[in-house]
Amino acid sequence: MPELPEVETTRRGLAPHLQGRRVHGVILRRADLRWPIPPEVAELLPGQRIEEIRRRAKYLLLDTAVGSAVLHLGMSGSLRVLPGDTPLRAHDHVDISLDNGRLLRFNDPRRFGSLLWQPAGEVHPLLQGLGPEPLDDVFDGDYLFARSRGRSAPVKTFLMDQAVVVGVGNIYAAESLFKAGISPLREAGKVSRERYQRLADAVKEILGYAITRGGTTLRDFISPDGAPGYFEQELLVYGRDGLPCPNCGRALKHATIGQRASVWCSHCQR
């Protein structure tokens, strides 16, 4: 599933083509994706100017005066800005046509993505209760330390809790814990403030760098311009179980933590 850098890469790729453009029309080739597509998308979006394309967690929002189309790529979704006469491919479920003759096309083979509606001045229920963005200043060691007190869950599960911080998925949690030298199995409530600061710094550094590298291509993700993400080539632990640790050379360990595959170095991460 695309993680925060992939979604941010998508946002940055789409923004120059969408912001300031007026929606000409909306074509829904099916009534639902992961959830039913609200009628407001087709009824209210046409005629509106797209004021901004924002990211909140792994959701993209097309903001207009009357509300926002809320998009999630799911496991296999992709968004492209194309000429209006571009032939359809399989799984091209939604077209949002623009006033310049181009269109935003949503393709999703597995249909785990979503297209929802957020009225102006409201927050969609899926966006309520989310934690801070990991690249914001409020996300630091003090914040993680305070939120983790009394938590017995593994620190990796804690870091991936969207109510704690958004957008740190399995790939980047594994890489950040490795960089910070913290075992993913350690109880969240037993990690010190100092080590949480190292973890917050690692999350910011790794996510920021992954964004500059275009995210991580794993099976389905490619960016809006059709180029793959390149951070996959630089992963240090994720997906490398049994291979030598890049720091000490010992074989990397593997376990399932919170129903997610986890890889770490039992020597370098404590």
Side-chain angles (χ1 to χ4, degrees), residues 1-128 130 166-167 215 220-227:
M1 179 178 293
E3 297 200 29
L4 184 149
E6 288 79 25
V7 181
E8 178 62 19
T9 298
T10 299
R11 187 199 69 79
R12 294 183 183 189
L14 295 177
H17 303 284
L18 299 184
Q19 288 183 182
R21 303 254 57 107
R22 196 167 295 277
V23 176
H24 176 71
V26 175
I27 298 175
L28 306 177
R29 297 188 179 87
R30 55 179 302 118
D32 62 350
L33 293 170
R34 184 174 183 180
W35 298 293
I37 300 174
E40 290 90 340
V41 173
E43 293 171 359
L44 300 182
L45 200 53
Q48 296 297 315
R49 178 180 179 272
I50 300 174
E51 299 172 351
E52 186 177 3
I53 175 169
R54 292 185 294 125
R55 180 189 55 76
R56 179 65 171 118
K58 299 179 186 179
Y59 294 89
L60 292 172
L61 292 89
L62 306 184
D63 291 338
T64 75
V66 297
S68 304
V70 182
L71 293 143
H72 194 289
L73 297 177
M75 297 182 69
S76 61
S78 64
L79 292 164
R80 300 282 190 278
V81 177
L82 303 167
D85 59 355
T86 302
L88 288 173
R89 301 179 303 167
H91 316 297
D92 283 342
H93 301 310
V94 178
D95 282 351
I96 298 176
S97 60
L98 306 172
D99 57 359
N100 62 353
R102 298 176 73 81
L103 56 83
L104 176 65
R105 179 163 287 171
F106 189 8
N107 180 285
D108 188 3
R110 302 184 196 178
R111 300 202 306 274
F112 283 119
S114 60
L115 173 56
L116 303 169
W117 183 256
Q118 176 178 279
E122 299 183 18
V123 177
H124 193 278
L126 290 173
L127 304 183
Q128 296 175 2
L130 293 176
V166 300
D220 295 308
F221 175 76
I222 52 177
S223 63
D225 61 1

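Atoms considered below: every heavy atom in the structure, side chains included; atoms not considered: hydrogens, waters and symmetry mates. Not measured: the values here are computed from a predicted model.
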- Message: Suppose we screen for side chain to side chain donor-acceptor pair (under 3.5 Å). Which residues come up paired with Asn107, at least two apart in sequence or across chains?
- Response: Asp92

- Could you pull out all residues at least two apart from Arg30 that satisfy side chain to side chain donor-acceptor pair (under 3.5 Å)? Asp32

- Message: Suppose the criterion is salt bridge (charged side-chain N to carboxylate O under 4.0 Å, His left out): which pairs have a residue in residues 13-25, not counting sequence neighbours?
- Response: Arg21-Asp99

- Validation row: Arg29, Val94 side chains within 4.5 angstrom (heavy atoms): no

- Message: Show me the pairs that pass salt bridge (charged side-chain N to carboxylate O under 4.0 Å, His left out) and involve residues 36-51, at least two apart or across chains.
- Response: none

- Task: Can you sort out the partners of Pro46 under side chain to side chain contact (heavy atoms under 4.5 Å, CB included), two or more places apart, ordered by chain and number?
- Result: Val26

- Across all chains, not counting sequence neighbours, the salt bridge (Lys or Arg N to Asp or Glu O under 4.0 Å) partners of Arg56 are Glu133

- Query: Taking the side chain from Ser97 and the backbone from Gly25, do they hold a donor-acceptor pair closer than 3.5 Å?
  - Reply: yes

- Please identify each residue that fulfils salt bridge (Lys or Arg N to Asp or Glu O under 4.0 Å) with Arg12, with sequence neighbours left out. Glu8

- Task: Keeping to residues at least two apart or across chains, list the ring-ring contact (aromatic ring centres under 6.0 Å, His included) pairs with something in residues 77-100.
- Result: none

- Message: Could you check whether any side-chain heavy atom of Ile37 comes within less than 4.5 Å of a side-chain heavy atom of Trp117, counting everything from C-beta outward?
- Response: no

- Under the side chain to side chain contact (heavy atoms under 4.5 Å, CB included) test, residues paired with Gln48 that sit two or more places apart: Thr64, Ala65, Val66

- Item | Side-chain heavy-atom pair Leu104, Leu14 within 4.5 angstrom cut-off | yes

- Item | Sub-4.5 Å side-chain heavy-atom contact between Asp95 and Leu28 | no

- Note on the structure: Residue pairs meeting ring-ring contact (aromatic ring centres under 6.0 Å, His included), one or both in residues 21-65, sequence neighbours left out, come to Tyr59-His72

- Quick one: are Leu115 and Val70 in side-chain contact, heavy atoms under 4.5 Å? no

- Euclidean distance, Leu18 CG relative to Asp63 CG, rounded to 0.5 Å: 11.5 Å

- Contacts of type side chain to side chain contact (heavy atoms under 4.5 Å, CB included), residue Gln19, not counting sequence neighbours: Ala15, Glu52, Ile53

- Query: Looking at side-chain heavy atoms only, is the closest gap between Ile50 and Leu98 below 4.5 Å?
  - Reply: yes

- Kindly write out the residues that satisfy side chain to side chain contact (heavy atoms under 4.5 Å, CB included) with Leu82, not counting sequence neighbours, or none if the list is empty. Arg80, Thr86, Leu103, Arg105

- Would you confirm whether Ser76, through its side chain, and Arg110, through its main-chain N or O, come within 3.5 Å as a donor-acceptor pair? yes

- Task: Please determine, by modelled atom types, if Ser78 and Asp108 share a side-chain donor-acceptor pair under 3.5 angstrom.
- Result: no

